[in-house]
Each structure stands twice: as C-alpha cells, then as structure tokens.
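This report concerns only the one structure given below.
Lettering follows sequence order; numbering is per chain, from 1.
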Number of protein chains: 2
Amino acid sequence: MKKMTDYIDQQGLRHSTQREIIAQEFFKTKGHVSVEDLYDRTRKVNSKIGIATVYRTMNLLQDCGLAVRRDFDTGQPAFELETEQHHDHLICTSCGKIVEFFWEEIEKNQNHIAKKHGFELQHHKMELYGVCKACQKKPKSLQTRQKS
Amino acid sequence: MKKMTDYIDQQGLRHSTQREIIAQEFFKTKGHVSVEDLYDRTRKVNSKIGIATVYRTMNLLQDCGLAVRRDFDTGQPAFELETEQHHDHLICTSCGKIVEFFWEEIEKNQNHIAKKHGFELQHHKMELYGVCKACQKKPKSLQTRQKS
DNA sequence: ATGGGTGCAAAGCGTTTGCAACCGG
DNA sequence: CCGGTTGCAAACGCTTTGCACCCAT
C-alpha cells in the first residue's frame with residue numbers, strides 16, 4: 001500500500017479513492033485474482049467504479065512492481081502479488097485453483113539448456129496442469145472446464 | 001497429408017481445394033507458423049481464401065492430431081506439427097525464433113512435484129525466453145519486441 | 001485553475017459464427 | 001440434389017482508448 005502511494009507521489013501522479021479501493025481489494029487477495037473478480041469485488045465497495053479503471057489500476061500496480069500478471073491457459077489472466085523469489089505454478093484444470101511451487105533443479109539448470117542452443121536466457125515459464133485433490137473426488141465428467 | 005484425407009473420409013467430411021492448399025502450406029513449414037503467416041501464404045496460392053477458412057482448417061488439423069497450437073507469450077499463437085515425443089520451447093524475445101528442446105529431468109520429475117501438492121498431473125508447459133544468437137549481435141535497444 | 005483520473009461508450013484485435021451461395025459426392 | 005464448406009460480415013470477449021466531466025493538488 002505504502003509502496004503504491006510512494007510511487008504515485010514520486011511519479012507526480014494523483015491519489016484517488018478508486019485506486020485505493022482497487023489496490024486494497026487486490027492486497028486482500030491471498031492468491032490469484034482475475035480482472036473480473038477484482039471488478040466484482042470493488043463494485044461491492046463502490047458500485048460506480050468502471051472496469052476500465054480496474055485495468056488502469058492493475059497496470060499501475062504492475063508498474064510499481066506490486067503486481068504480476070500471469071497468463072495461464074485458463075482463458076483469463078491472473079494477477080498475483082509480486083514476490084522476491086521466483087516460483088512456478090500448478091493449475092487445476094477443473095476448478096482453476098493455482099498453487100505455487102519452487103523447483104530448484106529448473107532454476108539451476110535452465111541456463112545450461114538455453115546456452116546449449118545459443119540463447120541468452122531472460123526468464124522462463126513453467127506450468128504444471130492437472131486436477132487438484134478436491135476435484136479428483138468429482139466424477140470425471142465434471143473435471144473439465146479448460147480454456148477452449 | 002494422407003492422415004488428413006483419411007480423417008476426412010472417416011468422419012464423413014468433404015475434401016476441398018482450400019483445405020488441401022492450407023494443409024499443404026502448413027506441412028511445408030519446418031518450424032512454427034502463425035495464422036497470419038499461413039493466411040498470407042495460402043493467399044499467394046489462391047487469393048480468395050478467407051481467414052475464417054484458415055482458422056477452421058487449423059482446427060481440423062488439430063482434431064486429426066496433425067497440428068498442435070502453442071500459446072507462447074508472443075502475442076500470437078503458433079502451430080507446429082504434432083510429434084510423438086513431448087518437448088519444450090526456447091523463444092527468442094527479439095525475433096520470435098522458436099527452438100525445441102527435450103529436458104529429461106523435467107519429464108521425469110514433474111509428477112513428483114504435482115503429487116506433492118495433491119495434483120493428478122495432466123500435462124505441462126515449459127518455456128525459456130531469451131535472446132537467440134543472431135539477435136545478440138544486434139544493439140541492445142533493438143532486442144525487444146515482446147508482446148508488451 | 002490545471003491537468004491527471006474516471007466513467008462511459010466506442011474502437012481494437014484475434015477468433016468464431018450466422019448465413020446465403022457454392023460445390024463435392 | 002443434399003448437406004458440408006466457404007467467404008463475408010457481423011458477433012464476440014477481453015482490453016485499450018477518446019472524450020467530456022470531475023476532482024485532487
């Protein structure tokens with residue numbers, strides 16, 4: 001929160017109630033939020049907030065280094081709090097649940113693979129897709145709800 | 001090619017010049033093609049082909065198990081020939097070049113990671129982003145052209 | 001009072017779809 | 001001839017933008 005207000009000041013931007021509400025709702029989130037979710041939740045606080053402002057604020061939060069946008073194969077991007085440590089994700093293809101994990105071997109060896117092919121590595125994306133514990137209990141026929 | 005005609009017959013679908021042209025152009029591709037590229041190339045063969053037909057044909061090719069759609073963080077999806085062996089990708093963030101690689105450790109251990117979090121693994125996605133050899137020679141300022 | 005911020009609606013962009021004409025079997 | 005296929009344009013879903021109005025500073 002403070003990081004955002006600092007950024008706003010330092011960039012000569014302005015504070016607004018909308019930004020505060022949206023940021024607050026975003027910080028309240030433990031895991032990952034979609035724009036939709038965030039929009040719905042902010043509307044409960046102030047029903048006049050437009051979706052464009054949610055998009056604009058999320059872009060601002062990314063610029064501050066507070067939010068990261070993740071594009072999983074779920075149809076809609078998810079925002080999470082930026083953390084110091086890189087991590088990857090497990091995504092439930094049934095309910096959309098997202099779990100973070102750290103895999104040391106990847107972090108250690110990704111550079112070798114890149115170098116082997118003449119690439120100078122910048123970053124990577126590792127996503128495991130599967131069915132989470134809770135969804136495994138559902139009948140198979142209800143376990144699908146992927147992007148397409 | 002034969003696999004497609006077989007599939008068309010067996011599904012009671014029909015053969016058409018458009019499908020043949022598009023499929024042929026797709027098979028001609030060594031690496032990865034975007035819809036745009038494919039559309040441009042098929043138009044050189046028959047300028048009346050519409051983009052909707054390209055989309056429809058690529059969906060058909062996916063249904064036959066001949067094409068795979070890859071959604072990299074490049075802004076536009078790429079289609080590649082379906083292969084027996086799973087592999088992952090290195091993507092040049094400057095020119096968009098795509099290189100395939102196989103990383104045994106990942107294939108072997110991904111299940112452990114998933115199980116550890118209670119997930120039943122279905123598939124994964126591993127992408128390394130960096131700058132390819134050719135692009136490393138360009139001035140740094142020209143090395144970016146990522147999605148956003 | 002300035003000029004950035006907001007809401008709304010319109011515009012973008014890539015992809016899909018409805019429909020009438022078309023054509024393969 | 002029948003029903004799948006095509007091209008075109010319209011519809012879509014998500015995100016961005018233009019603009020007049022609003023409100024921090």
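- In terms of position on DNA chain C, the residue among Lys48(A) and Val35(B) whose nearest nucleotide sits closer to the 5' end is Lys48(A).
- The CG-P distance, from Asp71(A) to dG13(D), rounds to 19 Å in whole Å.
- Salt-bridge formation is not detected for the pair Glu105(A)/Lys108(A): no Lys NZ or Arg NE/NH1/NH2 atom is positioned less than 4.0 Å from an Asp or Glu carboxylate oxygen.
- Checking Ala52(B) against Ile8(B), the closest nucleotide of DNA chain D that is more toward the 5' end is the one next to Ile8(B).
- In terms of modelled atom types and a separation under 3.5 Å, the side chain of Thr74(B) and the main chain of Gln76(B) share a donor-acceptor contact.
- Rounded to an integer number of Å, the gap from Ile49(B) CD1 to dC23(C) P is 14 Å.
- Taking side-chain N and O atoms only, Gln11(B) has no distance below 4.0 Å to OP1 or OP2 of dG4(D).
- Residue Ile51(A) is classed as having no contact, given no heavy-atom separation below 4.0 Å to the nucleic acid.
- Computed from coordinates, the Tyr7(B) OH to dT5(D) P distance equals 11 Å when rounded to whole Å.
- Rounded to a whole Å, the OH atom of Tyr55(B) is 18 Å from the P atom of dC12(D).
- Comparing dT25(D), dT16(D), dG5(C) by their closest approach to the side chain of Asn59(A) singles out dT16(D).
- Closest to the side chain of Arg19(A), out of dT6(C), dT17(D), dT15(D), is dT6(C).
- In this structure, Leu38(A) atom CG and dT15(D) atom P are separated by 12 Å, rounded to whole Å.
- When the C1' atom of dT2(C) is taken as reference, atom CG of Leu13(A) falls 15 Å away, rounded to whole Å.
- Put simply, Gln18(A) has a side-chain N or O that comes within less than 4.0 Å of OP1 or OP2 on dG7(C).
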Full working for side-chain hydrogen bond (donor to acceptor under 3.5 Å, both in side chains) between Glu107(A) and His87(A): CA-CA 9 Å; Glu107(A) 307 299 328; His87(A) 56 258; over 6 Å; no

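- Put simply, the side chain of Arg56(A) and the base of dG7(C) share a donor and an acceptor less than 3.5 Å apart.
- The 12-atom threshold is exceeded at CD of Gln85(A), counting heavy atoms of other residues, nucleotides or ligands nearer than 6.0 Å.
- Between the CD atom of Gln76(A) and the P atom of dT15(D) there is a distance of 8 Å, rounded to whole Å.
- Between the C1' atom of dT5(D) and the CG atom of Leu61(B) lies a distance of 15 Å, rounded to the nearest Å.
- Listed pair Ser16(B) / dT6(D) meets the phosphate criterion, a side-chain N or O lying under 4.0 Å from OP1 or OP2.
- Heavy-atom distances to DNA chain D give each of Tyr39(B) and Arg14(B) a nearest nucleotide, and the one nearer the 5′ end belongs to Arg14(B).
- Ion pairing between Asp6(B) and Lys2(B) holds under the 4.0 Å rule for side-chain N and carboxylate O.
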